[in-house]
Amino acid sequence: MAHTTSLIAFKKLTPNLVVADVERSLTFYAGVLGFTRGMTVPEQPPFVFGSVVSGAVEIFFNEQQTAVKEYPALLGKPIGATGTLFIEMAPPGSVEALHERLQGRVAIVMPLVTQWYGLKEFAIADPDGYLITFAERVAADPASA
């Protein structure tokens, strides 16, 4: 059977992170990174679900025990991921400004660097150990290859 890509269209990708404390994640992403709090379940703490948003970027947070009920395959798995979140920023200068604002406030796990492939980027670790790279498009730096 042939697959027809015209029948499907992926609309959006939203990271759905399992976290130890939804309120702590909301506070970090809103208070430290500058996202806006979205919805929470329930409306008052303690939360089992929460979200943050900034422009087209949205991130979900699920409390670990509640997530296991929906995704039994997560039972016994540690919180965290072997991947990274990648957030592209604009306008020019945003990455440097965010990097400067976060120094001393978060664990920076990759220093600010202009990559050979034309992105200026750095990475941090959030309170649950998720790695987030912030990047903006710039002229390529062949010396960094």
Side-chain angles (χ1 to χ4, degrees), residues 3 5 7-141 143-145:
H3 292 282
T5 57
L7 298 179
I8 26 176
F10 297 106
K11 182 177 176 183
K12 182 179 177 186
L13 174 66
T14 304
N16 193 0
L17 306 179
V18 175
V19 299
D21 183 333
V22 172
E23 176 62 34
R24 179 181 72 178
S25 293
L26 291 170
T27 299
F28 177 80
Y29 281 79
V32 177
L33 298 182
F35 281 78
T36 301
R37 281 182 182 233
M39 63 183 234
T40 59
V41 176
E43 289 186 18
Q44 299 298 320
F47 303 122
V48 297
F49 172 86
S51 67
V52 294
V53 65
S54 179
V57 176
E58 185 174 29
I59 302 172
F60 292 165
F61 307 106
N62 283 274
E63 184 272 328
Q64 189 174 28
Q65 292 175 345
T66 304
V68 167
K69 291 175 188 171
E70 289 185 36
Y71 303 98
L74 294 175
L75 182 64
K77 303 272 181 166
I79 291 175
T82 58
T84 66
L85 302 178
F86 183 88
I87 300 175
E88 190 170 335
M89 302 180 67
S94 296
V95 164
E96 290 101 337
L98 182 62
H99 181 264
E100 186 175 312
R101 193 178 90 211
L102 295 179
Q103 283 190 333
R105 297 181 70 192
V106 302
I108 295 177
V109 298
M110 181 180 79
L112 183 64
V113 62
T114 300
Q115 302 287 12
W116 62 270
Y117 42 82
L119 289 175
K120 182 175 279 192
E121 58 189 25
F122 73 98
I124 67 164
D126 84 353
D128 287 288
Y130 290 101
L131 302 181
I132 309 164
T133 300
F134 297 98
E136 70 180 49
R137 297 194 180 281
V138 295
D141 181 3
S144 68

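Below, all heavy atoms of this structure are taken into account, side chains as well, without hydrogens, waters or symmetry copies. Numbers here are sequence positions counted from 1.
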**Student:** For atom CD of Gln65, is the number of surrounding heavy atoms from other residues, nucleotides or ligands below 6.0 Å larger than 12?
**Tutor:** no

**Student:** Mind checking whether Phe49 and Met39 have side chains closer than 4.5 Å, heavy atoms only?
**Tutor:** yes

**Student:** Nearest 0.5 Å, please: how far is NZ in Lys77 from CD1 in Ile79?
**Tutor:** 13.5 Å

**Student:** What class does the angle between the rings of Phe61 and Tyr29 fall in, given that below 30° is parallel, 30 to 60° is tilted and above 60° is perpendicular?
**Tutor:** tilted

**Student:** So does Arg37 have more than 12 non-hydrogen atoms from other groups sitting under 6.0 Å from CZ?
**Tutor:**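 Above 12, so yes.
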
**Student:** With a 4.5 Å heavy-atom cut-off, do Phe122 and Leu102 have their side chains touching?
**Tutor:** yes

**Student:** How about Leu85 and Thr133: do any of their side-chain heavy atoms sit closer than 4.5 Å?
**Tutor:**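 Sidechains of Thr133 and Leu85: no contact.
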
**Student:** Pairs in or reaching into residues 95-118: which pass salt bridge (charged side-chain N to carboxylate O under 4.0 Å, His left out), with residues at least two apart or in two chains?
**Tutor:**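 For residues 95-118, and leaving out neighbouring residues, the salt bridge (charged side-chain N to carboxylate O under 4.0 Å, His left out) pairs sorted by first residue read Glu96-Lys120.
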
**Student:** Count the heavy atoms of every other residue, nucleotide or ligand shown that sit under 6.0 Å from OH of Tyr71, and state whether that count exceeds 12.
**Tutor:** no

**Student:** In Å, rounded to the nearest 0.5 Å, how long is the span from NZ of Lys69 to CG of Asn62?
**Tutor:** 12.0 Å

**Student:** Find the distance between CD (Glu136) and OG1 (Thr114) and round it off to the nearest 0.5 Å.
**Tutor:**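 One gets 8.5 Å once the value is rounded to the nearest 0.5 Å.
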
**Student:** Between Glu23 and Thr27, is there a side-chain donor-acceptor contact under 3.5 Å, judged purely by atom types and distance?
**Tutor:** yes

**Student:** Under a 4.5 Å cut-off applied to non-hydrogen side-chain atoms, are Ser54 and Thr36 in contact?
**Tutor:** no

